[in-house]
Amino acid sequence: ETGVTQTPRHLVMGMTNKKSLKCEQHLGHNAMYWYKQSAKKPLELMFVYNFKEQTENNSVPSRFSPECPNSSHLFLHLHTLQPEDSALYLCASTNNEGSNGYTFGSGTRLTVV
Amino acid sequence: AQKVTQAQTEISVVEKEDVTLDCVYETRDTTYYLFWYKQPPSGELVFLIRRNSFDEQNEISGRYSWNFQKSTSSFNFTITASQVVDSAVYFCALRSLGNNDMRFGAGTRLTVKP
């Protein structure tokens, strides 16, 4: 149990499907992040939420749609994805103290077929 | 601008060898924090260590040790007597005080062979 829980752990979806990834933390953190990690590539920051407000969108295609209903939950809604979107999607959280690192979830391994 | 460079993309060693993973960073901030994370095949990034910019003392934790040198902007990580279970991707990261964003290096994939 890492403190950050991501579901599902694995997801296979077709290009016309709509699915959602879920991230949940009860660590009292107020900032949450979505990262994409493709095979043999660096971590790519996708979205940042601070106190439920989106503070960063790193030029992510609109087929990825984040939602943060409260400080403990973060979703990533997926629709009409492409095979190149297959990757490990990691959620992380932290508080606003710069001295703290991020706590990561175990990730959702997404395969788009 | 902040930047973290891990020049070693992949390293392969034989069990019981010592191995050092390099990390070089760039920042204009005076107060910042450096981190190392381990990502085993399961996917989750596991926190290993945090150092603040005012504390250049090296740290040892079991077989792990970290060498922080402000003069060269480096925060290297050494594994002594490596084991197969050390096989993972290791990330170095930088975060400034008051800044939510953490900059990650590209990661170093370490393979320890039996």
Side-chain angles (χ1 to χ4, degrees), chain A residues 1-11 21 23 25 27 29-58 71 87-110, chain B residues 1-12 23 25 27-55 66 75 77 88-111:
Chain A
E1 179 58 53
T2 67
V4 176
T5 303
Q6 287 187 244
T7 54
R9 290 296 307 274
H10 300 273
L11 177 62
L21 310 185
C23 176
Q25 58 89 10
L27 300 169
H29 292 169
N30 44 37
M32 296 184 77
Y33 304 78
W34 279 117
Y35 280 88
K36 175 183 178 182
Q37 188 179 28
S38 304
K40 299 194 174 181
K41 284 189 178 179
L43 288 167
E44 298 174 49
L45 178 63
M46 299 175 72
F47 300 105
V48 180
Y49 276 82
N50 195 11
F51 289 104
K52 302 186 301 176
E53 298 298 320
Q54 185 175 312
T55 57
E56 189 161 340
N57 173 342
N58 253 11
S71 292
L88 180 68
Y89 289 85
L90 289 160
C91 174
S93 70
T94 190
N95 59 25
N96 284 331
E97 289 290 323
S99 61
N100 291 314
Y102 292 179
T103 301
F104 281 86
S106 299
T108 294
R109 191 162 297 280
L110 173 68
Chain B
Q2 297 192 328
K3 187 177 178 183
V4 176
T5 301
Q6 293 179 254
Q8 304 149 309
T9 306
E10 295 190 29
I11 299 176
S12 180
C23 173
Y25 63 92
T27 181
R28 294 179 182 171
D29 296 319
T30 55
T31 303
Y32 52 89
Y33 302 86
L34 295 162
F35 303 83
W36 275 96
Y37 284 85
K38 174 182 180 180
Q39 186 182 35
S42 59
E44 171 194 343
L45 271 75
V46 178
F47 168 82
L48 294 178
I49 191 172
R50 178 193 76 193
R51 302 298 286 170
N52 74 56
S53 52
F54 296 110
D55 182 2
W66 291 268
F75 186 43
F77 172 30
V89 180
Y90 291 86
F91 291 93
C92 180
L94 165 70
R95 186 180 183 187
S96 295
L97 183 66
N99 188 340
N100 270 350
D101 293 344
M102 182 177 288
R103 294 288 174 185
F104 285 88
T108 297
R109 180 177 298 275
L110 174 66
T111 302

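- Atom CZ of B/R103 and atom CG of A/L45 lie 8.0 Å apart (nearest 0.5 Å).
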Worksheet item: What do the steps show when you test B/Q39 against A/L43 for side-chain contact (heavy atoms from CB on, under 4.5 Å), and what is the final call?
Response: CA-CA 11 Å; B/Q39 186 182 35; A/L43 288 167; 5.5 Å; no

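- Neither the backbone nor the side chain of A/Q6 comes within contact range of chain B, judged by heavy atoms closer than 4.5 Å.
- No other option in B/Y37, B/Y32, B/F47 has as many heavy-atom pairs under 4.5 Å with chain A as B/Y37.
- Atom CZ of B/R109 has 12 or fewer neighbouring heavy atoms from other residues, nucleotides or ligands inside a 6.0 Å radius.
- Looking at every heavy atom in both residues, B/E44 comes nearest to A/S106 through OE1-OG, 3.5 Å.
- With a 4.5 Å cut-off on non-hydrogen atoms, B/F91 touches chain A through its side chain but not through its backbone.
- Between A/T94 and B/R95 the shortest side-chain heavy-atom distance falls below 4.5 Å.
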